[in-house]
Colleague: 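Could you have a look at this structure, given as structure tokens, before my questions?
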Amino acid sequence: MLRMDNKTISNLLEETASLLEIGGGDSFRIRSYRRGAESIEQATSQLTEIATGEDAVKKLLEIPGIGKAMAAHVVEIASTGRLGFRDELLAKYTPSILELLKLPGMGPKTVALLWDAQEIGDIDALEAAAKAGKLDDLPRFGKKLVEKILKGIEDYRRHSGRFRIDVVDNAATELTRALLKIPGIDTVTPAGSLRRGRETAGDLDLLVTGPSCEESLSAATAEKVADLDGIASIMAQGNNKVSFLLQNGLQVDVRLLPRSSYGAALQYFTGSKTHNVALRQRALKSGYTLNEYALARVADNSIVGAATELEIYSALGLDWIPPELRENLGELDAAEQRKLPKLIEQKDVRGDLHMHTTATDGHNTIREMAEAAAERGYEYIAITDHSKNLAMTNGLDDRSAINHVHHIRQVDKEMAGRIRVLAGIEVDILSDGSLDLSDSVLAEMEIVISSVHTLFNQPAEEMTARILRAIENPHTRILGHPTGRLLLRREPFSFDLEAVLQKCAELGVAVEHNATPERLDLRDRDLRLAHELGCKIVIDTDAHQTTSLGNIRFGILQMRRAWLTPSNVLNTLPLKKLLTSLRPKR
DNA sequence: GCCGTTTTCGGCCCGACTGTTTTCAGTCG
């Protein structure tokens with residue numbers, strides 16, 4: 001069957017929206033295409049399957065933002081891989097015209113103008129025209145705009161795309177420290193994707209308040225912000241906002257805000273866009289208008305809430321909504337009905353179930369790992385070194401695995417109840433779907449992680465079948481690295497994740513979510529899917545050294561975005577309960 | 001194009017910044 005993921009469908013609709021925009025189409029129609037694209041990207045089910053199955057249109061219409069026309073588009077894309085309407089629109093231009101929209105300051109009107117006047121339809125042509133002075137005669141094209149375009153092209157080529165959350169978080173930490181040194185700034189809060197805990201961010205929003213941010217002083221404060229060390233170039237500077245690029249290409253927006261409206265600004269700039277639109281629509285229905293300064297009555301403009309987010313959500317009849325949930329995926333209804341979940345927190349985690357030692361490719365001994373975990377206040381850990389198939393890591397064969405279990409038991413005794421050390425293994429899935437240690441050895445261990453991470457490139461169907469067989473193996477208690485992250489860079493590496501998660505839920509096999517920022521095993525959307533399917537989740541670090549233990553902050557953020565509570569995550573349970581909640585031993 | 005305690009037509013979120021305008025259009029978030 002044609003493989004077409006939701007992101008691809010969503011992209012085609014998004015491109016159609018942009019093309020309509022360039023063509024000067026109705027703005028509300030354009031918004032509909034965008035909304036449809038967003039809904040599809042956020043959908044947890046595979047739309048290709050729905051769109052090629054029975055009652056396709058009826059099921060598609062249940063998705064918010066999808067109407068008759070959009071449903072027909074989705075069906076067309078799922079069956080042919082193309083969207084005729086988009087191709088039709090694009091035929092008027094050159095295919096690369098959509099890339100122009102990615103340049104800063106280039107919107108649909110400008111792209112249309114460039115095409116109509118000079119048939120400029122790609123970045124190279126734009127650069128050539130700008131350098132040759134051919135743009136100077138166009139309306140609105142002054143010297144500054146041409147310079148801005150050339151600079152934008154340079155930046156785009158040097159860096160395009162999103163940044164990993166830990167990179168953005170580090171930048172936020174450093175900038176916060178610097179900003180707090182400016183006299184009269186006393187609070188700095190990162191907003192945007194970072195506050196919502198997304199796995200990547202396109203830019204960094206920092207909200208700043210304090211006496212120096214009040215109206216009469218903010219322009220002077222903005223000057224000081226623009227003078228900070230580490231800024232590569234200033235993109236825009238006003239009285240209340242400074243935008244700049246860091247050396248690594250990350251764009252930072254610093255906003256100076258009066259204390260009195262800090263809550264409204266925090267709400268506004270935290271987003272997401274779709275959450276905010278829904279919230280503002282809700283405000284209007286209740287006779288309020290909401291902007292970044294306040295929630296106010298439409299009738300007389302009197303302010304109802306502005307200083308804190310809580311005031312605003314409360315006035316709208318809602319519980320305060322954690323930023324990680326603000327994606328317009330049902331959180332507003334839940335907040336109204338006082339049914340928001342009590343999300344998992346870092347302090348709920350009682351142990352780590354996946355770690356390596358010097359027996360294979362780790363850097364510390366069993367004892368050292370146990371001591372470090374005990375210091376963190378953990379109640380238990382599992383030592384899960386590699387099995388023999390991963391020869392490059394000195395993987396354990398049957399005999400050395402049994403020896404290793406003895407060592408683990410010995411350390412467990414030595415720890416004298418300060419922490420429980422469980423015996424485990426991260427076992428490889430072989431080409432026929434079997435595991436590479438014998439049953440009698442696996443039976444000696446509490447934690448058997450069957451790991452996808454060494455599977456080689458195979459057609460998706462074969463890969464799926466292999467993983468399903470490994471899950472069916474009665475010794476498998478945890479599915480390790482469920483998205484095969486170690487091979488993600490080798491294209492194509494794909495299998496039917498939904499079928500795999502389904503099987504895990506069915507057989508009571510827990511699904512691993514590795515929590516370190518460079519190794520987030522499941523994207524937040526995949527985690528949501530796992531949760532919806534009823535999978536038990538385990539969070540851990542795949543720690544290869546003591547310093548990696550407990551490095552789970554970003555993984556927890558992902559889990560919160562998936563609406564997970566402590567009861568959904570196995571290693572928040574006390575040891576006894578954990579062991580009875582894992583798939584029963586045969 | 002979507003949607004509906006404003007239901008089958010008539011709405012659809014909002015303000016700052018920029019560059020080029022002397023009153024505003026376009027872009028962005």
Side-chain angles (χ1 to χ4, degrees), chain A residues 13 16-18 20-22 24-40 60-74 85 100-114 135-149 151-152 191-193 196 201-207 215 218-219 222 234-244 251-257 261 264-265 267-296 298 328:
Chain A
L13 293 178
T16 308
S18 296
L20 284 168
E21 220 169 9
I22 293 171
D26 173 51
S27 61
F28 297 111
R29 189 181 177 206
I30 292 162
R31 189 182 299 170
S32 289
Y33 274 87
R34 291 246 151 80
R35 177 141 188 256
E38 263 166 32
S39 304
I40 287 166
L60 290 171
L61 285 175
E62 287 169 10
I63 302 172
I66 303 294
K68 262 172 74 179
M70 224 56 78
H73 285 333
V74 173
F85 182 49
L100 289 178
L101 288 171
K102 293 179 183 163
L103 297 174
M106 289 283 279
K109 294 281 160 55
T110 313
V111 170
L113 175 69
L114 288 169
L135 302 180
D136 302 349
D137 298 337
L138 297 175
R140 278 190 13 257
F141 273 76
K143 202 174 161 212
K144 279 195 169 178
L145 187 55
V146 173
E147 272 171 18
K148 183 175 171 180
I149 286 173
K151 175 88 172 49
S193 312
R196 297 205 313 284
D203 61 12
L204 168 61
D205 289 310
L206 289 176
L207 304 193
E215 202 176 333
S218 70
I234 301 282
M235 301 181 72
Q237 183 180 343
N239 288 344
N240 306 305
K241 178 186 156 184
V242 184
S243 296
F244 52 85
Q251 182 182 333
V252 182
D253 295 330
V254 174
R255 297 170 195 276
L256 310 175
L257 304 153
S261 63
Q267 196 291 314
Y268 183 91
F269 289 110
T270 296
S272 67
K273 210 182 221 179
T274 53
H275 173 87
N276 282 358
V277 168
L279 197 64
R280 262 172 265 156
Q281 279 167 346
R282 188 187 172 87
L284 280 179
K285 277 182 192 152
S286 318
Y288 300 120
T289 172
L290 177 62
N291 58 31
E292 61 261 54
Y293 302 109
L295 178 71
V298 172
N328 197 28

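Side-chain atoms are counted along with the backbone in the values below, which use heavy atoms only and exclude waters and symmetry mates.
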Colleague: Write down the distance separating the C1' atoms in B/dG11 and B/dA16, rounded off to the nearest Å.
Modeller: 26 Å
Colleague: Polar pairs (N or O, both sides) under 3.5 Å between protein and nucleotides 14-16 of chain B?
Modeller:
from, atom 1, to, atom 2, distance (Å)
B/dA16, OP1, A/Tyr293, OH, 3.1

Colleague: Under the side chain to side chain donor-acceptor pair (under 3.5 Å) definition, can you give me all pairs with a residue in residues 25-34 of chain A, not counting sequence neighbours?
Modeller: A/Glu14-A/Arg34, A/Ser18-A/Arg34, A/Glu21-A/Arg34, A/Tyr33-A/His73
Colleague: Got a sec, which residues hit side-chain hydrogen bond (donor to acceptor under 3.5 Å, both in side chains) with A/Asp253, two or more places apart in sequence or on another chain?
Modeller: A/Ser243, A/Gln251
Colleague: Expressed in angstrom and rounded to an integer, what is the separation of A/Lys151 atom NZ from B/dG19 atom P?
Modeller: 13 Å
Colleague: Can you list the residues that meet the side-chain contact (heavy atoms from CB on, under 4.5 Å) rule with A/Ala71, with sequence neighbours excluded?
Modeller: A/Val57, A/Leu60, A/Leu61, A/Ile66
Colleague: Test of understanding: with salt bridge (charged side-chain N to carboxylate O under 4.0 Å, His left out), list the residues that count as partners of A/Lys151, not counting sequence neighbours.
Modeller: A/Asp155
Colleague: B/dG29 P sits how many Å from A/Arg255 CZ, rounded?
Modeller: 9 Å
Colleague: To the nearest Å, give me how far apart CD1 (A/Ile149) and C1' (B/dT20) are.
Modeller: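 Interatomic distance, CD1 of A/Ile149 to C1' of B/dT20: 13 Å.
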Colleague: For the pair A/Arg140 and A/Thr110, evaluate side-chain contact (heavy atoms from CB on, under 4.5 Å) and give the outcome as yes or no after the intermediate values.
Modeller: CA-CA 9 Å; A/Arg140 278 190 13 257; A/Thr110 313; 3.2 Å; yes
Colleague: How many Å lie between CZ on A/Phe269 and P on B/dG29, as a whole number?
Modeller: 11 Å
Colleague: Any side-chain heavy atom of A/Ile22 within less than 4.5 Å of one from A/Leu101?
Modeller: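 Counting from C-beta outward, A/Ile22 and A/Leu101 do come under 4.5 Å.
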Colleague: Can you pull every protein N or O that's under 3.5 Å from an N or O on nucleotides 24-28 of chain B?
Modeller:
from, atom 1, to, atom 2, distance (Å)
B/dG26, O3', A/Thr110, OG1, 3.4
B/dT27, OP1, A/Gly107, N, 2.9
B/dT27, OP1, A/Gly107, O, 3.0
B/dT27, OP1, A/Lys109, N, 3.4
B/dT27, OP1, A/Thr110, N, 2.9
B/dT27, OP1, A/Thr110, OG1, 2.5
B/dT27, OP2, A/Lys109, N, 3.3
B/dC28, OP1, A/Gly105, N, 2.5

Colleague: A/Ser261: what forms a side-chain hydrogen bond (donor to acceptor under 3.5 Å, both in side chains) with it, not counting sequence neighbours?
Modeller: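 Expected list: none.
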Colleague: Grab the N/O contacts between the protein and nucleotides 3-11 of chain B below 3.5 Å, and write none if there aren't any.
Modeller:
from, atom 1, to, atom 2, distance (Å)
B/dC3, OP1, A/Gly65, N, 2.7

Colleague: When rounded to the nearest Å, what value does the distance between C1' atoms of B/dC2 and B/dT7 take?
Modeller: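 Their C1' atoms lie roughly 13 Å apart.
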Colleague: How close or far is atom P of B/dT18 from atom CD1 of A/Ile234, stated in whole angstroms?
Modeller: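 Answer to the nearest Å: 11 Å.
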Colleague: What distance, rounded to whole Å, do you find between the two C1' atoms, one in B/dT27 and one in B/dT21?
Modeller: 15 Å
Colleague: Applying the Watson-Crick and G-U wobble criteria at under 3.5 Å, what pairs with B/dA16? Answer none if nothing qualifies.
Modeller: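 Across any shown strand, B/dA16 pairs with B/dT27.
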Colleague: Got a second to check how far A/Arg196's CZ is from A/His275's NE2, nearest 0.5 Å?
Modeller: 9.5 Å
Colleague: Measure CZ/A/Phe28 against C1'/B/dC12 and give the value in whole Å, please.
Modeller: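 Atom CZ in A/Phe28 sits about 5 Å away from atom C1' in B/dC12.
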Colleague: Measure from the side chain of A/Ala69, starting at C-beta and using heavy atoms only, and say which of B/dT18, B/dG1, B/dG29 lies closest.
Modeller: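 That would be B/dG1.
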Colleague: Given B/dG19, B/dG1, B/dG29, which nucleotide is nearest the side-chain atoms of A/Asp26?
Modeller: B/dG1
Colleague: Could you tell me which residues satisfy salt bridge (charged side-chain N to carboxylate O under 4.0 Å, His left out) with A/Arg282, sequence neighbours excluded, listed by chain and number?
Modeller: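 A/Arg282 satisfies salt bridge (charged side-chain N to carboxylate O under 4.0 Å, His left out) with A/Glu336 once adjacent residues are dropped.
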Colleague: Provide the distance between the two C1' atoms, one in B/dT20 and one in B/dA25, to the nearest whole Å.
Modeller: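 Roughly 9 Å separates the two C1' atoms.
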Colleague: On a whole-Å scale, what distance lies between the C1' atoms belonging to B/dT8 and B/dC3?
Modeller: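 After rounding to an integer number of Å, I get 10 Å for this pair.
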Colleague: Between B/dG29 atom P and A/Arg196 atom CZ, what is the distance in whole Å?
Modeller: 13 Å
Colleague: With sequence neighbours excluded, what pairs up with A/Ser39 under the side-chain hydrogen bond (donor to acceptor under 3.5 Å, both in side chains) test?
Modeller: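 With sequence neighbours excluded, A/Ser39 shows a side-chain hydrogen bond (donor to acceptor under 3.5 Å, both in side chains) to no residue whatsoever.
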Colleague: For B/dT6 and B/dC12, measure between their P atoms and round to the nearest Å.
Modeller: 13 Å
Colleague: Got a second to check how far A/Phe244's CZ is from A/Asp203's CG, nearest 0.5 Å?
Modeller: 11.0 Å
Colleague: Distance check needed: B/dG29 C1' versus A/Leu204 CG, whole Å only.
Modeller: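 Roughly 14 Å, once rounded to whole Å.
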Colleague: Using heavy atoms to find the nearest nucleotide of DNA chain B for A/Asn239 and A/Phe141 separately, return the residue whose nucleotide is more 5′.
Modeller: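 Its nearest nucleotide lies further toward 5', so the answer is A/Asn239.
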Colleague: Can you name the ring-ring contact (aromatic ring centres under 6.0 Å, His included) partners of A/Tyr268, sequence neighbours left out?
Modeller: none
Colleague: Side chain of A/Ser32, heavy atoms from C-beta onward: which of B/dT18, B/dG1, B/dG29 has the nearest atom to it?
Modeller: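 Within the option list, the nearest is B/dG1.
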Colleague: As a test of reading the structure: which of B/dT20, B/dC17, B/dC12 is closest to the side chain of A/Ala236, going by heavy atoms?
Modeller: B/dC17
Colleague: Once side-chain contact (heavy atoms from CB on, under 4.5 Å) is applied, do any residues pair with A/Thr274, and if so which ones, sequence neighbours excluded?
Modeller: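 Counting only residues at least two positions away or on another chain, A/Thr274 forms a side-chain contact (heavy atoms from CB on, under 4.5 Å) with A/Glu38, A/Ser272, A/Asn328.
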